[in-house]
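In what follows, a single structure is set out as structure tokens and then discussed.
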Amino acid sequence: MGKQKKVIGLEAFESFYSEQYGQRWESLKSSFSLESDYFEFKMEGASDSYFLDSASVLAAKQLPLEGAEEILDLCAAPGGKTLILASRMEENAVLCSNERSPERKHRLAIVVQTCLPAQISERVKTSCSDGATWCTRQTECFDRILLDAPCSSERHVYKDPKYLNVWTPSRVKTVANEEWALLSCAFRLLRPEGYLLYSTCALAREENDGMIERLLKKFKDQVQVVDFDPEPVEGHEELVPEKTEYGFHVLPDTAKGAGPIYFCLIKKIVL
């Protein structure tokens, strides 16, 4: 018998996600064609506005910043969530906004300079570093961390034949391994009693609750998944995330085109 032909592309994509979402997969696919529910970020004293998905705003708002002096946005480009954090941080706080790609870091720096007033942008430091290896140089040095991890971005893949035609389930495993390297490093960078918000725009459980599951197994008694009611976004109060095993998920079929965005809030316990 010959080798069984490997299924790739649309057929593999459909099979994988219909298995995860069942009958809901059809409505999710249909919602990918909806226009995203955009939020305009505009601060007095800044020269430019910045538009981002309202679900991204919702996720970034869930990182508690009260009392935080050193904050890290580990994978920050293009910069929308950095803007949300910067606008919410206290007057004595400093935000390190990091991106590993030099080109994307350059764009990030421009967003910080043009979309924030000077008194805030001067306290946002942009850097270019591989977030997955940062913990080899420093540990327990930030009070709060946002990790919006690069992910499978299924909504974009589905609409782009260049990526969809070569898609296989192994892509999810590869991306999940990259996310794990970032998440485990971010947790090591977090100070005891600090908070880490993990988020993705992925649909696959392996990249969302699956990551939190791995964190709980690896660091055991140091990890507390925070139970809370998400704070709404002004003007987008109808945006209500769905509870998952560990976090929350905003899915575009029930959020007027917003998302998908997954987020989970973690606290580091003192041993």
Side-chain angles (χ1 to χ4, degrees), residues 13 16-17 20-21 25 28 31-32 36-37 39 52-63 72-82 84-85 97-101 104 130-132 144-160 163 167 169-187 189-190 195-216 218 223 225-226 230 233 239 241-255 257-266:
F13 190 88
F16 184 86
Y17 289 101
Q20 292 215 0
Y21 284 92
W25 176 235
L28 271 173
S31 70
F32 291 166
S36 293
D37 181 38
F39 176 94
L52 67 161
D53 191 302
S54 59
S56 294
V57 180
L58 179 71
K61 284 192 67 175
Q62 308 316 314
L63 182 63
L72 172 63
D73 187 352
L74 189 57
C75 301
K81 291 185 177 70
T82 278
I84 302 301
L85 295 180
S97 190
N98 179 70
E99 172 57 42
R100 70 179 179 181
S101 160
R104 285 167 59 84
D130 182 357
R144 304 288 188 272
I145 298 175
L146 170 63
L147 171 56
D148 182 32
C151 68
S152 288
S153 300
E154 294 95 342
R155 183 172 184 169
H156 300 293
V157 168
Y158 187 72
K159 295 191 290 185
D160 191 335
Y163 297 106
W167 190 93
S170 63
R171 173 62 180 159
V172 174
K173 293 180 181 179
T174 298
V175 173
N177 286 334
E178 294 169 353
E179 289 164 342
W180 172 245
L182 285 163
L183 180 57
S184 56
C185 187
F187 192 75
L189 291 171
L190 188 65
Y195 290 93
L196 185 158
L197 186 82
Y198 174 75
S199 72
T200 78
C201 59
L203 292 174
R205 185 187 185 279
E206 291 92 325
E207 299 181 50
N208 296 327
D209 275 350
M211 285 295 107
I212 306 305
E213 213 163 69
R214 289 180 70 172
L215 194 71
L216 287 163
K218 174 68 176 179
V223 181
V225 176
V226 180
V233 176
L239 193 64
E242 302 173 28
K243 189 73 181 74
T244 68
E245 184 176 0
Y246 299 113
F248 296 88
H249 218 173
V250 177
L251 294 169
D253 62 333
T254 56
I261 288 288
Y262 170 88
F263 58 90
C264 180
L265 184 62
I266 296 295

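What's counted below: heavy atoms across the whole structure, side chains too, no hydrogens, waters or symmetry copies.
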Distance in Å, [X] [atom1] paired with [Y] [atom2], rounded so as to fall on 0.5 Å steps:
| X | Y | atom1 | atom2 | value |
| --- | --- | --- | --- | --- |
| H156 | C151 | NE2 | SG | 8.0 Å |
| Y195 | I145 | OH | CD1 | 14.0 Å |
| M211 | E206 | CE | CD | 8.5 Å |
| E213 | N208 | CD | CG | 12.0 Å |
| L63 | F263 | CG | CZ | 11.5 Å |
| I84 | L146 | CD1 | CG | 10.5 Å |

Listing, residues 175-185 side-chain donor-acceptor contacts under 3.5 Å, not counting sequence neighbours, or none:
unit_1, atom_1, unit_2, atom_2, d
N177, ND2, K173, O, 3.3
S184, OG, W180, O, 2.8
S184, OG, A181, O, 3.3

Without swapping roles, check the side chain of [X] against the backbone of [Y] for a donor-acceptor pair under 3.5 Å.
| X | Y | result |
| --- | --- | --- |
| D37 | A55 | no |
| Y17 | E154 | no |
| Q20 | R205 | yes |

Which residues satisfy the side-chain contact (heavy atoms from CB on, under 4.5 Å) test with S36, sequence neighbours excluded? Y38, D53, R155
With sequence neighbours excluded, what pairs up with C264 under the side-chain contact (heavy atoms from CB on, under 4.5 Å) test?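 I212, V225, Y246, Y262, I266.
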For the residue pair [X] and [Y], what are the closest heavy atoms and their distance?
| X | Y | answer |
| --- | --- | --- |
| A60 | L85 | O-CD2, 3.8 Å |
| C75 | E99 | C-OE1, 4.2 Å |
| H249 | P260 | NE2-CB, 4.4 Å |
| T200 | Y198 | CG2-OH, 3.3 Å |
| A59 | L197 | O-CD2, 2.9 Å |
| D148 | K81 | OD2-NZ, 3.0 Å |

Trace of the side chain to side chain contact (heavy atoms under 4.5 Å, CB included) decision for W25 with L203: CA-CA 11 Å; W25 176 235; L203 292 174; 3.9 Å; yes
Answer whether the closest heavy-atom distance between the side chains of F248 and K243 falls below 4.5 Å. yes
Heavy atoms, side chains only, cut-off 4.5 Å: are F187 and L147 in contact?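 Heavy-atom side-chain distance check fails, nothing below 4.5 Å.
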Counting only heavy atoms not in Y163 (residues, nucleotides, ligands), do more than 12 fall under 6.0 Å from its OH? no
Please identify each residue that fulfils side-chain hydrogen bond (donor to acceptor under 3.5 Å, both in side chains) with [X], with sequence neighbours left out.
| X | result |
| --- | --- |
| W167 | none |
| T244 | D209 |
| S152 | E207 |

